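In what follows, a single structure is set out as structure tokens and then discussed.
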Amino acid sequence: MTDLHGQRILVAGGAGEVGEGITRQLLRAGATVIVPSRNADKLKKLAEWVGEDNDRLITIEGSIGTVEGAQTIRDSVGEINHVVASLGGWWQGKPIAEIELDVWHQVIDNSLTAHFITAKVFLPVLKDGGSYTLINGGAALHSMPNVAPIAVSASSQLKLGELMAVENPNLRINSLVLATPVLTRSRPTGQDGWLSADDAGRYCAYLASDAFSQTGKTIIFQSVDQIPA
Ligand SMILES: NC(=O)c1ccc[n+]([C@@H]2O[C@H](COP(=O)([O-])OP(=O)(O)OC[C@H]3O[C@@H](n4cnc5c(N)ncnc54)[C@H](OP(=O)(O)O)[C@@H]3O)[C@@H](O)[C@H]2O)c1
């Protein structure tokens with residue numbers, strides 16, 4: 001098992017569906033995990049759910065989706081060695097011609113812009129050798145009807161990760177694409193082959209560890225069987 005004792009990891013979106021599995025696995029690997037959320041109740045439930053490891057969980061009520069909010073979070077948490085960003089979520093609604101402009105802005109704000117702000121505020125505090133993992137979904141890869149804002153956001157998020165890696169060669173910056181629906185606390189069962197949030201978390205622990213030295217990669221899992229043991 002990956003050992004992250006002594007490492008301090010920010011999980012942006014760590015109280016979300018996928019983020020809480022990532023948070024739990026990073027704690028199990030020994031890291032100190034910092035999770036911001038706009039919702040205090042979600043943070044309380046997360047701390048209860050992760051159980052005995054929650055003495056290394058630091059929760060902060062605040063919004064990482066605004067520059068001011070992200071800066072306040074950054075200034076209150078001390079040293080951070082790694083970031084995992086699991087922001088956004090899913091959207092499915094209407095064909096392009098019927099999407100209202102405010103809906104477009106809202107989906108892009110909650111996903112792509114939240115990633116941009118997190119990168120803008122936290123990249124400067126990471127030290128040489130630190131890692132930054134952007135969680136993404138199958139919408140980044142596939143085209144289907146009625147998902148334009150989230151698919152455009154997701155594919156642009158891949159480019160954002162590549163650009164972050166090019167601009168910061170001292171860090172290890174990679175995208176992890178979970179290209180199945182993900183099993184989470186609220187959806188514990190599904191079809192054979194679906195990834196779970198805990199699978200994603202174990203792999204995020206590996207990506208943060210010294211065992212993974214690459215940067216600028218897009219790692220795609222389309223089935224749980226593709227995750228290396
Ligand atoms: N769920 C799935 O089945 C699935 C499948 C494949 C890939 N993924 C990927 O996993 C990632 C996370 O998805 P999820 O399902 O876990 O989504 P989620 O449950 O909605 O959680 C998303 C997190 O993003 C944060 N967030 C959203 N908008 C924000 C904003 N404007 N400002 C600040 N924070 C904001 C939320 O923070 P607060 O706590 O402050 O609300 C929340 O914790 C996405 O990249 C998605 O593509 C998910």
Side-chain angles (χ1 to χ4, degrees), residues 10-25 33-47 49 59-74 83-92 102-103 105-122 133-142 144 147 149-158 160-161 174-191 193-201 203-204 218-224 226-227:
L10 173 82
V11 184
E17 289 284 321
V18 173
E20 62 178 15
I22 293 172
T23 297
R24 173 157 80 173
Q25 290 304 322
V33 182
I34 298 131
V35 176
S37 173
R38 296 163 294 181
N39 182 326
D41 193 47
K42 275 169 75 176
L43 292 173
K44 187 165 166 277
K45 288 185 175 139
L46 174 70
W49 182 70
T59 59
I60 304 174
E61 192 179 343
S63 177
I64 209 157
T66 66
V67 173
E68 265 188 11
Q71 287 171 337
T72 302
I73 292 163
R74 180 195 64 196
V83 173
V84 178
S86 181
L87 293 160
W90 181 239
W91 185 90
Q92 186 157 19
D102 61 334
V103 171
H105 282 308
Q106 189 180 17
V107 177
I108 298 286
D109 276 357
N110 290 344
S111 44
L112 187 59
T113 307
H115 275 285
F116 162 69
I117 290 171
T118 304
K120 172 182 168 58
V121 172
F122 287 93
T133 302
L134 297 95
I135 302 299
N136 208 326
L141 311 173
H142 308 301
M144 60 190 110
V147 300
I150 199 70
V152 168
S153 170
S155 54
S156 299
Q157 184 192 315
L158 287 185
L160 178 68
N174 298 288
S175 288
L176 177 58
V177 181
L178 311 172
T180 75
V182 172
L183 303 178
T184 63
R185 178 153 56 134
S186 70
R187 179 173 55 193
T189 57
Q191 294 177 18
W194 284 8
L195 302 155
S196 72
D198 285 286
D199 294 328
Y203 203 77
C204 285
T218 295
I219 301 150
I220 301 169
F221 292 133
Q222 292 179 310
S223 162
V224 70
Q226 294 175 339
I227 302 181

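All ligand and atom numbering here is 1-based and tracks the order in the structure. Note that this is a predicted model, so its numbers are computed, not measured.
- Put simply, the side chain of Leu10 reaches to within 4.5 Å of the side chain of Pro36, judged on heavy atoms.
- Nearest residue to atom 33 (C) of ligand 1 from Gly88, Gly65, Ala154, Ser111 is Gly65 (criterion: closest heavy atom).
- Closest protein heavy atom to atom 39 (O) of ligand 1: Ser37 OG, 2.7 Å.
- Looking only at heavy atoms of the protein, atom 21 (O) of ligand 1 is closest to Gly16 CA, 3.5 Å.
- Panel note: side chain Thr180, backbone Ser223; no donor-acceptor pair is recorded below 3.5 Å.
- Assignment of Thr113 to the shell around ligand 1 is not supported, since no heavy atom sits closer than 4.0 Å.
- Near Asn110, with a cut-off below 4.0 Å to any heavy atom, the atoms of ligand 1 are 27 (C), 28 (N), 29 (C), 30 (C), 31 (N).
- The nearest heavy-atom contact from the protein to atom 25 (C) of ligand 1 is Leu87 CD2, 3.8 Å.
- Contact annotation: the side chain of Thr218 never approaches that of Asn136 to less than 4.5 Å [non-hydrogen atoms, C-beta and beyond].
- A donor-acceptor distance shorter than 3.5 angstrom exists from the side chain of Ser155 to the backbone of Ala151, with no hydrogens or angles considered.
- Taking the side chain as every heavy atom from C-beta outward, Trp91 and Asn110 never approach each other to under 4.5 Å.
- Between the Asp199 side chain and the Ser196 main chain, a donor and an acceptor come within less than 3.5 Å of each other.
- Close contacts between ligand 1 and Ser86 involve ligand atoms 11 (C), 12 (C), 22 (C), 23 (C), 24 (O) [criterion: under 4.0 Å to a heavy atom].
- The contact set between ligand 1 and Thr180, taken as ligand atoms under 4.0 Å from a residue heavy atom, comprises 5 (C), 6 (C).
- Counting atoms of ligand 1 from 1 in the listed order, those under 4.0 Å from a heavy atom of Lys42 are 38 (P), 39 (O), 41 (O), 42 (C), 43 (O).
- Ile64 has its side chain within reach of Phe122: a pair of non-hydrogen atoms, C-beta onward, lies under 4.5 Å apart.
- The shortest contact between atom 15 (O) of ligand 1 and any protein heavy atom is with Glu17 CB, 3.8 Å.
- Residue, atom and distance of the protein heavy atom nearest to atom 36 (C) of ligand 1 are Arg38 NH2, 3.6 Å.
- In this structure, Val67 and Gln71 have side chains that are in contact, with non-hydrogen atoms separated by less than 4.5 Å.
- Within the listing of ligand 1, atoms 6 (C), 7 (C) sit less than 4.0 angstrom from a heavy atom of Leu178.
- A donor-acceptor pair shorter than 3.5 Å can be found between the side chains of Glu17 and Ser186.
- Taking any N or O of Thr184, backbone or side chain, none lies under 3.5 Å from an N or O belonging to ligand 1.
- Close approach of ligand 1 to Ile135 (heavy-atom distance below 4.0 Å) involves ligand atoms 10 (O), 11 (C), 45 (O).
- In this structure the side chain of Trp194 never reaches within 4.5 angstrom of the side chain of Thr189, judged on heavy atoms.
- Of all atoms in ligand 1, listed by their number and element, those nearer than 4.0 Å to a heavy atom of Gly137 are 7 (C), 47 (O).
- Nearest protein neighbour of atom 13 (O) of ligand 1, counting heavy atoms only, is Gly89 CA, 3.7 Å.
- Close N/O approach between Val182 and ligand 1 is found [any backbone or side-chain N/O within under 3.5 Å].
- Remark: the backbone N or O of Arg187 is paired with a side-chain donor or acceptor of Thr184 at under 3.5 angstrom.
- For Leu195, no heavy-atom contact with ligand 1 is shorter than 4.0 Å.
- Between Val18, Asn136, Ile150, it is Val18 that holds the heavy atom closest to atom 48 (C) of ligand 1.
- For Arg187, the closest heavy-atom approach to ligand 1 falls below 4.0 Å.
- The side-chain heavy atoms of Ile135 and Cys204, taken from C-beta on, include a pair separated by under 4.5 Å.
- Within the listing of ligand 1, atoms 23 (C), 43 (O) sit less than 4.0 angstrom from a heavy atom of Gly13.
- Close N/O approach between Gly138 and ligand 1 is not found [any backbone or side-chain N/O within under 3.5 Å].
- The closest donor-acceptor contact from the side chain of Ser63 to the backbone of Gly69 lies at 3.5 Å or more, if one exists at all.
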